[in-house]
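Each remark here refers to the structure printed beneath this line.
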Amino acid sequence: MRKTSLIALMAIALGGCSVKKEIVDIPIIFDDQRMELTKEYLLTRYELDQKTPEITPKMVVLHWTAIPSLAKSFTAFNRPTLPNWRPDLENVSGLNVSAHFLVDQDGTIYRLMPETTMARHVIGLNHCAIGIENVGGTTDMPMTKQQLKANIFLVEYLASKYDIDYVIGHQEYTNFEDHPLWLEVDDGYRTVKNDPGMDFVEKVRNATKKFNFKPVPTKK
Ligand SMILES: [Zn+2]
């Protein structure tokens with residue numbers, strides 16, 4: 001009897017594990033308009049003239065959405081154009097923001113778009129950066145342990161698949177301003193970011209030390 005219950009318990013534990021490591025595809029809209037806007041972004045922001053909006057992944061950027069639910073976070077990324085975009089405003093790309101992955105508070109991993117298609121989630125580096133967004137991040141809805149585990153799993157998964165040199169928090173992105181990977185043409189185009197907090201980033205880095213990621217450049 002005792003043995004049976006132990007086996008059952010182990011099965012539950014293993015089952016729980018495999019659920020967390022599953023990647024669920026829930027694609028955002030990627031129609032012709034989004035395709036064209038993404039190629040336009042690559043051309044105007046980075047001077048990369050490409051037939052397809054493919055990226056060469058070199059880094060993983062961690063984020064939080066600061067939006068309090070999976071559904072609302074998905075909705076924010078789903079539409080191809082920025083909510084208040086006016087096509088008559090030149091020099092401002094109309095491409096909506098997004099990320100490749102969205103991790104819910106319970107640690108479920110959703111893939112929103114192909115891993116090697118450009119997403120708009122980090123100024124200067126979108127041509128080489130895979131983005132992971134986490135639902136929440138506010139005082140009312142802080143990041144969870146399940147999200148931490150899921151982010152560690154994703155970084156391991158991505159670093160095993162691509163030649164990833166850096167794992168950074170969004171708040172660190174301006175440290176790359178003098179780095180060869182930095183391609184943003186406009187020195188005035190910057191936004192201040194504080195997601196997803198250095199505590200979270202350090203925990204992910206510590207758990208993935210075996211990949212020997214390069215240190216984030218220090219700011220001059
Ligand atoms: Zn962010």
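In what follows, every heavy atom counts, from backbone to side chain, and hydrogens, waters and symmetry copies are set aside. Computed from a prediction, not measured in an experiment: that's the story for all the values here. All ligand and atom numbering here is 1-based and tracks the order in the structure.
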- prompt: With Gln105, which residues qualify under side chain to side chain donor-acceptor pair (under 3.5 Å), at least two apart?
  reply: Gln147
field: Leu95: which of Leu82, Leu42, Leu37, Thr81 passes side-chain contact (heavy atoms from CB on, under 4.5 Å)
entry: Leu37
task: Tell me the protein N, O or S atoms under 2.8 Å from the Zn ion (ligand 1), in chain and number order.
output: His63 ND1, His170 ND1, Asp195 OD2
field: Residue that, paired with Pro53, satisfies side-chain contact (heavy atoms from CB on, under 4.5 Å) out of His127, Met35, Arg34, Glu40
entry: Met35
By side-chain contact (heavy atoms from CB on, under 4.5 Å) - contacts of Lys58 (at least two apart): Cys128, Asp163, Asp165, Leu181
- prompt: Do the side chain of Asn78 and the main chain of Ile29 share a donor and acceptor less than 3.5 angstrom apart?
  reply: yes
Output side-chain donor-acceptor pairs under 3.5 Å for residues 67-75, partner residues at least two apart or in another chain, one line each.
{"from": "Ser69", "atom 1": "OG", "to": "Lys72", "atom 2": "N", "distance (Å)": "3.0"}
{"from": "Ser73", "atom 1": "OG", "to": "Thr65", "atom 2": "OG1", "distance (Å)": "3.3"}
{"from": "Ser73", "atom 1": "OG", "to": "Ser69", "atom 2": "O", "distance (Å)": "2.8"}
{"from": "Thr75", "atom 1": "OG1", "to": "Ala71", "atom 2": "O", "distance (Å)": "2.9"}

